[in-house]
Q: 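Supplied in structure tokens, the structure appears directly below.
All values below were derived from every heavy atom in this structure, side-chain atoms included, with hydrogens, water molecules and symmetry-related copies excluded. Residues take their numbers from the sequence shown, with the count starting at 1.
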Amino acid sequence: MKTLATLSLILFAVIVTGCDETKKVIDVAGSVQLTGSYTVTALNGKKLVNTTNPTFTLSALDNSFRGTTGCNSVFGNYTIDLYTINFGQLAVSEKMCMDKNIMKTERDFLDALNNTGSYALENNTLTLYSKTDRSVLLSAKKDEK
């Protein structure tokens, strides 16, 4: 009976450890898949027109995020957990831009990053979804290598 209990406990530990390792592999694979440079094409479901499109780069090596809002530079880190993505505290330069369209795009871009909860990458298009209602916050085209 003791042997059966011990074997059950060992088997349970192997299964739990295996699941945790599998999740880590999936998270790393997702981060590697996202690595690259992107150009934002739409914010809040609206295509960007009459403005400078934000761009950004994601790096799996250190889970870093770097980009430009069209006016200011932005950088920080991100974390992935299966299909969820969260951007940490983002640092943004504070240059004032006179074009109101660019400033609105910048605000919408930063708001989208701060409210992101999940993502999808299909056909080289990254889509970020809201953490509250899964609405589309941002669409970005992955740059060709």
Side-chain angles (χ1 to χ4, degrees), residues 6-145:
T6 303
L7 283 173
S8 296
L9 184 60
I10 291 171
L11 181 60
F12 176 76
V14 168
I15 290 172
V16 168
T17 302
C19 290
D20 190 44
E21 289 302 314
T22 300
K23 182 186 164 310
K24 286 179 186 175
V25 168
I26 291 170
D27 289 349
V28 168
S31 188
V32 168
Q33 179 186 22
L34 290 178
T35 294
S37 296
Y38 297 84
T39 300
V40 177
T41 57
L43 289 166
N44 300 316
K46 298 176 188 167
K47 290 210 178 270
L48 294 178
V49 293
N50 300 325
T51 190
T52 303
N53 294 39
T55 60
F56 62 91
T57 300
L58 298 172
S59 174
L61 290 176
D62 56 0
N63 281 13
S64 65
F65 170 90
R66 297 192 181 287
T68 177
T69 65
C71 178
N72 287 292
S73 298
V74 58
F75 62 94
N77 292 311
Y78 67 95
T79 56
I80 288 184
D81 185 13
L82 292 177
Y83 289 102
T84 63
I85 186 169
N86 291 297
F87 295 92
Q89 290 291 324
L90 298 174
V92 183
S93 62
E94 295 183 9
K95 184 170 72 173
M96 178 62 175
C97 298
M98 300 313 261
D99 186 323
K100 289 183 182 180
N101 287 334
I102 291 175
M103 293 306 293
K104 180 178 179 347
T105 299
E106 174 177 89
R107 178 57 24 223
D108 290 346
F109 176 55
L110 295 172
D111 287 346
L113 295 173
N114 286 322
N115 293 310
T116 294
S118 59
Y119 73 94
L121 181 63
E122 294 179 20
N123 300 321
N124 282 336
T125 298
L126 174 64
T127 305
L128 300 181
Y129 299 99
S130 169
K131 61 179 107 181
T132 56
D133 63 5
R134 282 253 324 139
S135 60
V136 174
L137 297 174
L138 179 150
S139 295
K141 189 74 174 162
K142 191 171 189 179
D143 297 345
E144 299 294 322
K145 292 183 180 181

Q: Between V136 and N44, is a side-chain contact (heavy atoms from CB on, under 4.5 Å) present by the stated rule, with each step listed?
A: CA-CA 6 Å; V136 174; N44 300 316; over 6 Å; no
Q: When you measure from the side chain of S93 to the backbone N and O of S73, does any donor-acceptor pair fall under 3.5 Å?
A: yes
Q: Looking at every non-hydrogen atom in both residues, tell me the closest pair between T127 and S139 and how far apart they are.
A: OG1-OG, 4.2 Å
Q: Specify the closest pair of heavy atoms between I102 and C71, including all atoms of both residues, with the distance to one decimal.
A: CG2-CB, 3.7 Å
Q: Can you give me the closest heavy-atom contact between T52 and G70, atom names plus distance?
A: CG2-CA, 3.8 Å
Q: Answer yes or no: is there a donor N or O on one side and an acceptor on the other, between the side chain of Y78 and the main chain of S59, under 3.5 Å?
A: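 Yes, the answer is positive, given that a donor and an acceptor are paired below the 3.5 Å cut-off.
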Q: Apply side-chain contact (heavy atoms from CB on, under 4.5 Å) to V74 and E106, showing your working.
A: CA-CA 10 Å; V74 58; E106 174 177 89; over 6 Å; no
Q: Would a distance-only check, ignoring hydrogens and angles, find a side-chain to backbone donor-acceptor pair under 3.5 Å from K142 to T35?
A: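 Between the backbone of T35 and the side chain of K142 there is a qualifying donor-acceptor contact (under 3.5 Å).
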Q: Can you tell me how far the CG atom of N53 sits from the NZ atom of K47, to the nearest 0.5 Å?
A: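 Answer for the CG-NZ pair, N53 versus K47, is 10.0 Å.
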Q: Let me confirm one number: the CG-OG1 distance from N86 to T116, rounded to the nearest 0.5 Å.
A: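 Atom-to-atom, N86:CG and T116:OG1 are 8.0 Å apart.
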Q: Roughly how far apart are Y38 OH and K141 NZ, rounded to 0.5 Å?
A: 11.0 Å
Q: For the residue pair F87 and F65, does the interplanar ring angle fall in the parallel (under 30°), tilted (30 to 60°) or perpendicular (over 60°) class?
A: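 Perpendicular: the ring planes of F87 and F65 meet at over 60°.
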Q: Locate the shortest heavy-atom distance separating P54 from T69; write the atom from each residue and the value.
A: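 That would be CG-O, 3.7 Å.
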Q: Please give me the minimum heavy-atom distance between R134 and S118, naming the atom from each residue.
A: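 Answer, listing the atom of R134 first, then S118: NH1-OG, 2.7 Å.
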Q: Could you tell me if T55 and T39 have a donor-acceptor pair between their side chains, going purely by distance under 3.5 Å?
A: no
Q: From L138 CG over to L128 CG, what is the distance, rounded to the nearest 0.5 angstrom?
A: 5.0 Å
Q: If you measure from NZ on K104 to CG on L43, what distance do you get to the nearest 0.5 Å?
A: 8.5 Å
Q: Measure across N114 and K131 and return the closest heavy-atom pair with its distance rounded to 0.1 Å.
A: O-NZ, 3.4 Å
Q: Side chains of D133 and S130: do they bring a donor and an acceptor to under 3.5 Å?
A: yes
Q: Distance from L126 atom CG to I85 atom CD1, nearest 0.5 Å?
A: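 Here the interatomic distance stands at 7.0 Å.
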Q: When you look at N123 and T125, which way does the side-chain hydrogen bond (donor to acceptor under 3.5 Å, both in side chains) test go after all the steps?
A: CA-CA 5 Å; N123 300 321; T125 298; over 6 Å; no
